[in-house]
Amino acid sequence: MGFGFDVFLQTGLLDFYGKVGELGLARRVFDEMPERDVVARNAMVAALGMNGFLSDARKLFDEMSERTSSSWNTMITCYCKLGDVEAARRIFDYNPMKNVVSWNAMIDGYCKSNQLMLARELFDRAGDLKNAVTWNTMISGYVQYREFGKAISTFQQMQAENVKPTEATMVSLLSACAHLGALDMGNWIHTYIRRQNFKIDVFLGNALVDMYCKCGNMDAALDVFRSLTKRNAYCWSSVIVGLAMHGYGEEAIATFDQMHKEGVKPDHVTFIGLLSACSHSGLVIEGRKYFSEMFEVYRVEPGIEHYSCMVDLLGRAGLLQEALELIKSMPVSANAAVWGSLLRACRIHKDAKLSEQVTDQLLKLDPYDGGNYVFLSNVYASLNRWDEVEICRNLMAEKGVHKTPGCSLIEVDNVVHEFMAGDAAHPQFAQISAFLDDVDKKLKVLGHVPDMESVLHDIDKEEKESAVRYHSERIAVAFGIMSTPRGKPIRVVKNLRACSDCHTVMKLMSKLFTRDIFVRDRNRFHHFRDGSCSCKDYW
DNA sequence: TTAGGGTTAG
């Protein structure tokens with residue numbers, strides 16, 4: 001008995017070392033084992049493969065006189081994790097002991113290598129063999145590639161086939177809701193979680209917190225957060241990012257201090273949240289302090305996103321020179337996002353001279369770099385340099401880069417409706433359009449003059465006006481007001497930043513219709529109420 | 001005791 005128990009313990013230790021990346025220690029345990037059964041060999045194959053020694057893993061696997069289904073599945077997983085999905089597929093096809101784990105590992109391998117079609121093909125071929133993990137793999141694959149609608153429809157299919165969802169299913173679905181801003185569905189999932197008595201661990205807890213933050217219900221997010229018995233850096237970061245998005249700068253800082261007190265180490269995402277919180281609330285002194293502490297105290301290396309937050313913070317506060325100095329001191333060269341932050345600040349503070357200088361810097365960026373096309377084209381357009389705009393657009397077409405079209409989402413009666421800028425595809429578009437015309441007339445009476453600054457197309461004034469009116473968030477909000485009961489808050493998610501004219505119109509609409517309007521743009525939440533916005537026009 | 005699914009930002 002004693003002998004067998006030793007092997008049992010040693011195998012556990014070997015597995016542990018393999019999983020925490022201590023391959024040397026794993027090897028030593030393996031070499032010193034008096035008896036190596038198939039379980040120990042499987043664990044060693046996994047330890048080698050997962051730590052990058054695929055050929056050693058393969059050699060050990062090939063030498064095994066006896067194999068279990070785990071042996072085969074370990075090889076499939078190792079090949080997938082190291083990016084050789086074709087090799088994994090060859091093992092999968094050849095595997096004489098194929099079981100549901102083999103299918104799941106292979107489907108996940110396709111998902112993780114951005115081959116969703118192949119994943120779905122296998123998923124469909126798996127037929128009745130599928131278990132909850134198979135479904136979860138497919139659903140999380142869709143969420144990872146931002147196919148949120150497909151994730152939800154796959155979940156509905158899972159329910160139709162009477163497969164019981166698990167905590168992992170809920171985590172993926174909540175992530176989809178967070179991205180879509182689908183609060184009603186998120187609430188439904190939370191209720192479902194309670195009814196099923198699912199265990200709310202750090203994964204599920206964080207998914208709930210994040211969903212409530214991103215869907216604009218900060219109170220519910222904090223309720224869940226406070227109820228968690230265990231919180232990791234993800235949970236803290238989600239709350240801090242959430243508070244930042246809602247413009248609660250002081251609260252974000254207090255939360256960060258609490259995180260520090262509880263001994264949870266912040267990561268780079270935590271600092272993105274913290275610094276953007278300072279930025280949204282104009283907390284310059286605090287922002288400077290945390291930026292310098294992030295490496296000195298917390299050993300988190302500032303990345304370009306953190307510099308971007310700081311440029312934004314300093315720029316908004318009118319410290320344009322300091323922002324410029326910071327850009328010059330960056331260890332990596334600035335990208336369009338960083339220069340763009342400074343350019344926005346120049347516009348707010350009406351510094352034409354620096355604006356010109358920054359524009360020059362922007363124009364020096366590589367036009368062949370995909371990320372720069374759109375920004376450059378807008379800069380040229382603002383200077384009325386239409387030839388260059390044309391060149392940028394042609395380059396974009398040539399390279400197959402397309403400008404991200406403005407897109408807004410709104411959930412009405414458990415259905416997420418999607419609107420693109422100037423989009424006439426929605427079945428109720430005629431009514432929406434008439435409604436917006438009517439709103440326009442009312443706003444003109446109130447003295448609203450459309451601001452065309454953010455419509456950078458070489459078109460005449462009248463066309464510009466209609467292009468503004470049909471920005472996606474405006475269509476979505478109009479649709480929301482038309483299709484929901486009086487007094488119900490409107491919640492819209494937009495993929496880009498709100499333009500200044502839409503921002504003004506939203507304020508007026510919140511007063512005109514006595515509605516709370518929440519718009520989550522790329523940067524933060526705007527809560528429009530009674531003619532003003534929670535961002536205090538500072539965004 | 002060995003094999004498969006889950007979270008923050010971009």
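All values below were derived from every heavy atom in this structure, side-chain atoms included, with hydrogens, water molecules and symmetry-related copies excluded.
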### Query
Within the structure shown, what part of the strands sits under 4.0 Å from Thr134(A) by heavy-atom distance: base, sugar-phosphate, or nothing?
nothing
### Message
Using the side chain to side chain donor-acceptor pair (under 3.5 Å) criterion, which residues pair with Asn232(A)? Sequence neighbours excluded.
### Response
none
## Note on the structure
side chain to side chain donor-acceptor pair (under 3.5 Å) filter on His526(A), not counting sequence neighbours, yields His503(A), Asp521(A)
### Query
Heavy atom of residues 143-165 of chain A under 4.0 Å from DNA chain B: which residues?
none
### Task
Mind running a 4.0 Å heavy-atom check of residues 63-78 of chain A against DNA chain B and sending the residues that fall below it, in number order?
Ser69(A), Ser70(A), Asn73(A), Thr74(A), Thr77(A)
### Task
Kindly state whether the ring of Phe271(A) and the ring of Phe256(A) have centres lying under 6.0 angstrom apart.
yes
### Query
Which residues, if any, of residues 109-116 of chain A bring a heavy atom under 4.0 Å of DNA chain B?
Lys112(A)
### Query
Among pairs that include at least one residue of residues 160-179 of chain A, which meet ring pair (Phe, Tyr, Trp, His ring centres under 6.0 Å), considering only residues two or more places apart or in two chains?
Phe148(A)-His179(A)
### Query
Among all residues two or more places apart in sequence or in another chain, which pass the side chain to side chain donor-acceptor pair (under 3.5 Å) test with Asn495(A)?
none
### Task
Could you name each residue pair satisfying ring pair (Phe, Tyr, Trp, His ring centres under 6.0 Å) that touches residues 22-64 of chain A, not counting sequence neighbours?
Phe61(A)-Trp72(A)
### Message
To the closest 0.5 Å, what do you measure between CD (Gln258(A)) and CD1 (Ile240(A))?
### Response
10.5 Å
### Query
In terms of the angle between their ring planes, are His246(A) and Phe525(A) parallel, tilted or perpendicular, with boundaries placed at 30° and 60°?
parallel
### Message
Under a 3.5 Å cutoff, is there a donor and acceptor pairing between the side chains of Ser237(A) and Thr270(A)?
### Response
yes
### Query
Residues from residues 240-273 of chain A sitting under 4.0 Å of DNA chain B, heavy atoms only?
Asp267(A), His268(A), Val269(A)
### Message
Let's see if you get this right: which residues in residues 173-184 of chain A place a heavy atom under 4.0 Å from DNA chain B?
### Response
Ser175(A)
### Query
Which residue pairs pass the ring pair (Phe, Tyr, Trp, His ring centres under 6.0 Å) test when at least one of the two sits in residues 210-232 of chain A, sequence neighbours left out?
His190(A)-Tyr212(A), Phe225(A)-Trp236(A)
#### Entry: Contact boundaries on DNA chain B for chain A, cut-off under 4.0 Å to non-hydrogen atoms
dT1(B) to dA9(B)
